[in-house]
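Notes to accompany the following structure.
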Number of protein chains: 2
Amino acid sequence: MPPARRIPEATVARLPIYQRLLLELVRSGAATVSSEQLATLAGVNASKVRKDLSFLGSFGTRGSGYDAEFLLGQIDRELGLDQDWPMAIVGIGNLGRALAAAPGFSSRGFRICGLFDVDPSVVGTRVRGVLVRHVDELERVMAEDPPAIGVVATPAGVAQVVADRLVAAGVKALLNFAPRVLSVPEEVLLRSVDLSIELQVISFHLSHGTTAPAAVDGAAMAAVD
Amino acid sequence: MPPARRIPEATVARLPIYQRLLLELVRSGAATVSSEQLATLAGVNASKVRKDLSFLGSFGTRGSGYDAEFLLGQIDRELGLDQDWPMAIVGIGNLGRALAAAPGFSSRGFRICGLFDVDPSVVGTRVRGVLVRHVDELERVMAEDPPAIGVVATPAGVAQVVADRLVAAGVKALLNFAPRVLSVPEEVLLRSVDLSIELQVISFHLSHGTTAPAAVDGAAMAAVD
DNA sequence: TAGATTGTTAATCGATTAACAATC
DNA sequence: TAGATTGTTAATCGATTAACAATC
């Protein structure tokens, strides 16, 4: 039995990139892949790739590299992609619709089990075959098919109340796209993506003439207890 | 003249959050704000707020805090939000439309100077008053009103060629939403937001029962030279 | 002066990377 | 054996945070 490995956050954030590249490599018939190849494709340092993969265990073979399919399987398992993650999206504007339709979202275990909005012209329509319901029905629908993940894609003004209702209805994690810092109980996992922060970081670097450290990472937000 | 301060990446990523909170505070009539207040609102440590702000200079007043309006002005200037950043978006699907319409995008200096798609049912329509043109016209339109920032909101399959054309047409920075690692010349700033990576990070933490470090940061991607 | 709050120091923690012994 | 490539070490760098002197 392997020791309980604690995987660094920075590594966790890169595993999905390796996962996608490996999927493409396997589909194109590659049997093995070296850390050098994977590094070039991912745009990172080969040392970093080896270090990242070493946290999952030692399944490389010195001299020839990693078995692509096996490595992919290990990463999938580590990321929990072999499990089912029912997901509800609140706010079916352009962004919510983009999320509902995104191949990377609906594929794998990220099954959409609920779409909610308040706009009468949207409620009752279908996105990718899933009926958009009124937010008033959120608790009832979620009780029938409880989502593990709640996605907040509403305007900022209602993001906190929507988050509160999703949490009360039992989601274990929230993915927030509203430009607002949300409060959730500490047992609920919260991640936030703020598209305008990305632009402002770009603005900073352009106005300072900094070439910027090779283009890393996204927005930072945190949960208040 | 202040010494040339190098502002840490982590600080740059938090400045937009402070900026937004200060804007709300100023609008609600607050004259001063303490690091403790700002920290609570941002969901971070007060030490971190003071350290972050200290990179911009020392404009706090011991005993009473920071002048909210002045601090906001300093952050705006530091982020380059007082400048004009014309922006072209390629790919006017749901995501591109969400970006074009996002208040945080179109406001401030992020002026949309070009929208491009290939779908005949989209080309010729208007989003927020801006005409969507065919990608064939990209070079011509961009020569007339050159964008500083190019946004890639296309399917993954064409993201690299679109990026190449935007770079060739002279953008100084790219913001990529396609789930693909892009290559750009090193003088071009590249940032990538991968929505499915966020979900996979959530999946990792849910399946490991890790409460996750208070919910920080976004996806990591890098440019290959 | 007394209370409040900044700005900075220093300790600590986490992430990156070059180098190289191990080994296929 | 010779060449290739991993897994790990150790040095370095960057970010976080508690603590507190400075000072309004």
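Proteins come first, then strands; the chains are lettered A, B, ... in the order of their sequence lines, and each starts at number 1. Atom set for the values below is all heavy atoms of this structure, side chains included, hydrogens, waters and symmetry mates excluded.
- The footprint of chain A on DNA chain C, defined by a heavy-atom cutoff below 4.0 Å, extends from C:dA15 to C:dC24.
- With B:Thr11 contributing its side chain and B:Asp52 its backbone, the two residues share no donor-acceptor pair below 3.5 Å.
- At distances below 3.5 Å, not a single donor-acceptor pair connects side-chain atoms of B:Arg14 with backbone N or O atoms of B:Lys48.
- Of the residues in residues 56-72 of chain A, A:Ser58, A:Phe59, A:Gly60, A:Thr61, A:Arg62, A:Gly63, A:Ser64, A:Gly65, A:Tyr66 come within less than 4.0 Å of DNA chain D through at least one heavy atom, sorted by number.
- Within the 3.5 Å criterion, the main-chain N or O of A:Gly65 finds no donor-acceptor partner in the side chain of A:Ser34.
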- Query: Going through the checks in order, is the side chain to side chain contact (heavy atoms under 4.5 Å, CB included) test met by B:Leu72 and B:Gln19?
  - Reply: CA-CA 6 Å; B:Leu72 176 60; B:Gln19 198 271 354; 4.0 Å; yes
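- Remark: B:Phe70 engages B:Phe59 in a ring-ring contact (aromatic ring centres under 6.0 Å, His included) (not counting sequence neighbours).
- Side-chain atoms of B:Glu36 never come within 3.5 Å of backbone atoms of B:Ala46 as a donor-acceptor pair (strictly under, hydrogens ignored).
- In this structure, the side chain of A:Ser203 engages the main chain of B:Gly80 through a donor-acceptor pair within 3.5 Å.
- The backbone N or O of A:Pro179 lies less than 3.5 Å from a partner atom in the side chain of B:Arg20, making a donor-acceptor pair.
- Under a 3.5 Å cut-off, the side chain of A:Arg191 and the backbone N or O of B:Val201 do not form any donor-acceptor pair.
- Checked against ring-ring contact (aromatic ring centres under 6.0 Å, His included), B:Phe204 has the following partners two or more places apart in sequence or in another chain: B:His208.
- Under the 3.5 Å distance criterion, the side-chain polar atoms of B:Arg97 are matched with a main-chain donor or acceptor of B:Ile92.
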- Dot-bracket encoding of pairs in DNA chain D, which uses [ ] for pseudoknotted crossings and | for another strand, Watson-Crick or G-U under 3.5 angstrom: ..||||||||||||||||||||||
- Item | Working for side chain to side chain contact (heavy atoms under 4.5 Å, CB included), residues A:Trp85 and B:Leu199 | CA-CA 10 Å; A:Trp85 301 114; B:Leu199 267 195; over 6 Å; no
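- Using a 4.0 Å cut-off on heavy atoms, the residues of residues 30-37 of chain A that approach DNA chain D are A:Ser34, A:Ser35, listed by number.
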